[in-house]
Amino acid sequence: MSSAPRPVVLSGIQPSGRLTLGNYLGAIKNWVPLSATHDCHYMLVDLHAITVRQDPAVLRDRCLEFISLYIACGLDPSRNVLFVQSHVAAHARLSWILNCYTQMGELGRMTQFKDKSSKHVDNINAGLFDYPVLMAADILLYNATGVPVGDDQKQHLELTRDIAIRFNRAHGTPEHPVFTVPEPMIPPVGARIMGLQEPTAKMSKSGGAETDALYLLDPPDTITRKIKRAVTDPGNEVRFDVLEKPGVSNLMAILSATTGESFDRIVERFDGQGYGKLKGAVAEAVVECLRPVQARYAELRADEDGLMRVLREGAQRASRVADTTLMRVHQALGFIPE
Ligand code: ATP
Ligand code: LTN
């Protein structure tokens, strides 16, 4: 009996620092349940990571750390295609083609480009500018219908959709589009976790102060200490108000995303109790949420041969889909078949 094709999702994270609670709550946590209903592809985007200088030995180690963490967070390699972007040549190949369908002005408007180029003034390279085109290639190669990401990636997703629609108009027909136009899948809570020291900027795995981010592999006492020292706001009332109370609102978002408790319930529970009690509860919730992940991580990271097997198999499965799309694009462009 043939069953209808399942919708496809694809997402990725740059191995450009240590994974944070923001990466987990905004992205990975939401990837896990999707394998029940979707064909899931999750990458380590190492080609994207080198838009900022990386130390080669650290990058290699980090990729193995990330893949272990993906699995430890619940991404079973038999139910999800887990792979490294640079292992699938079609990403770089499609990216070149899509460059010719993207305008300089579109890329210049990307807020991530503006942020990163102001942080890395001595290395504003063409790859940093072109980053969203490679991301569009990542997504379009797999015919992804949905892309589960945090809120900060919405603008890149909109550009991907524009590029796909433009290419389809030029080279497809309404009945036979070349590319599937993807939709963003952004979680309602935890979509943007902010820094603990700077709650008006997102918690980031690279570049921020050590105490600004909670890392997935931080020991429990470090997590507790960082949360206890998180910046809060004047007054002592626990209430969700991103403008007036960015620090407290961020702690509430972390608590809600880790325990499932609603904002109303949190306000009720901490009414008249002050920030100290809230911080204690947040610390406990984060430690409990990460405990099983950290335990499983240690076992997985110790088996490097096993991790390499997962990556090889993932690359083979991913290449089959990606190469088929690339050949369809070549045909649409009039390139002589290989
Ligand atoms: P970098 O600091 O190197 O730019 P990053 O921590 O912003 O990295 P990315 O690799 O750019 O992480 O993003 C990976 C995924 O994690 C994306 O889906 C992104 O939306 C999500 N994400 C990153 N930071 C946060 C955050 N603070 N809150 C929620 N989601 C986040
Ligand atoms: N740009 C993304 C990482 C990324 C990605 C992708 C996310 C690269 N390729 C494809 C989803 C789909 C970021 O989070 N900074």
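In listed order, ligands and their atoms are each counted from 1. Only this structure's heavy atoms are used, side chains among them; waters, hydrogens and symmetry mates stay out. Note that the structure is predicted; figures quoted are calculated from it, not measured.
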* Do ligand 1 and Met203 have nitrogen or oxygen atoms that lie under 3.5 Å from each other? -> yes

* Part of Ala191 within contact of ligand 1 (heavy atoms, under 4.0 Å) -> backbone

* Structure fact -> For Val147, the ligand 2 atoms with a heavy-atom partner under 4.0 Å come out as 11 (C), 12 (C)

* To do: Can you establish whether the number of heavy atoms outside Lys114 located under 6.0 Å from its atom NZ is more than 12?
  => yes

* Please work out whether any backbone atom (N, CA, C, O) or any side-chain heavy atom from C-beta onward of Gln14 is under 4.0 Å from ligand 1, and answer side chain, backbone, both or neither. => both

* Structure fact -> At under 4.0 Å between heavy atoms, what of Ser206 touches ligand 1? The answer is both

* To do: Could you find the nearest protein heavy atom to atom 30 (N) of ligand 1 and give me its residue, atom name and distance?
  => Gly22 O, 3.1 Å

* For atom 1 (N) of ligand 2, what is the nearest protein heavy atom, given as residue, atom name and distance? -> Tyr131 OH, 2.7 Å

* Asked: Can you list the atoms of ligand 1 that are under 4.0 Å from a heavy atom of Ser16?
  -> 1 (P), 3 (O)

* Who's closest to atom 2 (C) of ligand 2 heavy-atom-wise, of Lys205, Gln112, Gln153, His91? -> Gln153

* **Lys116 neighbourhood, listing ligand 1 atoms whose heavy-atom distance to it stays under 4.0 Å** => 1 (P), 3 (O), 4 (O)

* What is the nearest protein non-hydrogen atom to atom 22 (N) of ligand 1, stated with its residue, atom name and distance? -> Asn23 ND2, 3.8 Å

* Gln153 heavy atoms, cut-off 4.0 Å: which ligand 1 atoms fall inside? -> 20 (O)

* **Straight-line distance of Arg291 CZ to Ile223 CD1, nearest 0.5 Å** => 9.5 Å

* Asked: At a non-hydrogen distance cut-off of under 4.0 Å, which region of Leu134 contacts ligand 2 (side chain, backbone, both, or neither)?
  -> neither

* Just which atoms of ligand 2 are under 4.0 Å from any heavy atom in Val45? -> 8 (C), 9 (N)

* Asked: Is Gln112 in contact with ligand 1, taking contact as a heavy-atom separation below 4.0 Å?
  -> no

* Structure fact -> Counting from 1 in the order shown, the ligand 2 atoms closer than 4.0 Å to a non-hydrogen atom of Gly12 are 3 (C), 4 (C), 5 (C), 7 (C), 11 (C)

* Check: Gly150 N/O within less than 3.5 Å of ligand 1 N/O -> yes

* His171 ring center near Phe179 ring center (under 6.0 Å) -> no

* Output field: ring centroids His156/Phe113 closer than 6.0 Å -> no

* Show the numbers, then the answer: is there a salt bridge (charged side-chain N to carboxylate O under 4.0 Å, His left out) between Arg109 and Glu106? => CA-CA 5 Å; Arg109 283 195 288 277; Glu106 290 178 303; 5.2 Å; no

* To do: Return yes when atom CD of Gln331 has more than 12 non-hydrogen atoms of other residues, nucleotides or ligands closer than 6.0 Å, and no otherwise.
  => no

* Just heavy atoms, cut-off under 4.0 Å: does Met194 contact ligand 1 by side chain, backbone, both, or neither? -> neither

* **Under 4.0 Å to a heavy atom of Ser11 - the qualifying atoms of ligand 2, by number** => 7 (C), 11 (C), 12 (C)

* To do: For atom 7 (O) of ligand 1, grab the closest protein heavy atom and report residue, atom and distance to one decimal in Å.
  => Lys202 NZ, 2.4 Å

* To do: Give the numbers and elements of all ligand 2 atoms closer than 4.0 Å to a heavy atom of Val149.
  => 7 (C), 11 (C)

* With a 4.0 Å cut-off on heavy atoms, does Thr20 reach ligand 1? -> no

Do any side-chain atoms of residues 189-197 form donor-acceptor pairs under 3.5 angstrom with protein atoms, and if so which ones, sequence neighbours left out?
unit_1	atom_1	unit_2	atom_2	d
Arg192	NE	Asp151	OD2	3.0
Arg192	NH2	Asp151	OD2	3.0
Gln197	NE2	Arg229	O	3.2

* Asked: Would a hydrophobic clustering, with Ile, Leu, Val, Met, Phe, Trp and Tyr connected at side-chain separations under 4.5 Å, put Val231 with Met203?
  -> no

* Contact between Gln85 and ligand 2, counting heavy atoms under 4.0 Å? -> no

* Asked: Looking at CD1 of Ile254 and CD1 of Ile227, how far apart are the two atoms once the value is rounded to the nearest 0.5 Å?
  -> 6.0 Å

* Asked: Is the count of non-hydrogen atoms from other residues, nucleotides or ligands lying under 6.0 Å from Gln294 atom CD greater than 12?
  -> yes

* Asked: Considering only heavy atoms of His48, which atoms of ligand 2 have at least one such atom less than 4.0 Å away?
  -> 8 (C), 9 (N)

* For Leu141, does its backbone N or O pair with a side-chain atom of Thr325 as donor and acceptor, under 3.5 Å? -> yes

* To do: Could you give me the CA-CA distance, side-chain angles and deciding distance for Arg239 and Glu268, then say whether salt bridge (charged side-chain N to carboxylate O under 4.0 Å, His left out) is met?
  => CA-CA 9 Å; Arg239 149 169 83 82; Glu268 215 176 282; over 6 Å; no

* Structure fact -> To atom 8 (O) of ligand 1, the nearest of Lys205, Lys119, Met185 on a heavy-atom basis is Lys205

* Within 6.0 angstrom of Arg79 CZ, more than 12 heavy atoms from elsewhere -> no

* Structure fact -> Note: ligand 1 atoms sitting under 4.0 Å from heavy atoms of Ala27 are 15 (C), 16 (O), 18 (O)

* To do: Kindly indicate, with the supporting measurements, whether the criterion salt bridge (charged side-chain N to carboxylate O under 4.0 Å, His left out) is fulfilled by Arg301 and Asp61.
  => CA-CA 10 Å; Arg301 182 64 186 87; Asp61 191 59; 2.7 Å; yes

* Asked: For ligand 1, does Asp152 get within less than 4.0 Å through its side chain, its backbone, both, or neither, judged by non-hydrogen atoms?
  -> side chain

* Mark yes or no: Arg18 above the aromatic ring of Tyr215, with NZ or CZ under 6.0 Å from the six-membered ring centre and no more than 45 degrees from the axis. => yes

* To do: For atom CD of Gln155, decide whether the heavy atoms of other residues, nucleotides or ligands shown that lie under 6.0 angstrom number more than 12.
  => yes

* Structure fact -> Honestly, for Asp152 the part within reach of ligand 2 (heavy atoms, under 4.0 Å) is neither

* Student check: side-chain heavy atoms of Glu65 and Leu300 closer than 4.5 Å -> no

* To do: Indicate yes or no: does an N/O atom of Ser11 lie under 3.5 Å from an N/O atom of ligand 1?
  => no

* **Arg192 neighbourhood, listing ligand 1 atoms whose heavy-atom distance to it stays under 4.0 Å** => 28 (N), 29 (C)

* Which protein heavy atom lies closest to atom 2 (O) of ligand 1, and at what distance to 0.1 Å? -> Ser204 OG, 2.4 Å

* Asked: Is any side-chain heavy atom of Leu140 closer than 4.5 Å to a side-chain heavy atom of Thr180?
  -> no

* Asked: Looking at Asp138, which atoms of ligand 2 are within less than 4.0 Å of one of its heavy atoms?
  -> 6 (C), 8 (C), 9 (N), 10 (C)

* Rounded distance (nearest 0.5 Å) linking atom CZ of Phe66 with atom CD1 of Ile28 -> 7.5 Å

* Structure fact -> Atoms of ligand 2 under 4.0 Å from any heavy atom of Ile139, numbered from 1 in the order shown, are 10 (C), 12 (C)

* Is the ring centre of His87 less than 6.0 Å from the ring centre of Phe83? -> no

* May I ask you to check if ligand 1 and Ile193 share an N or O to N or O distance below 3.5 Å? => yes

* Asp151 N/O under 3.5 Å from ligand 1 N/O -> no

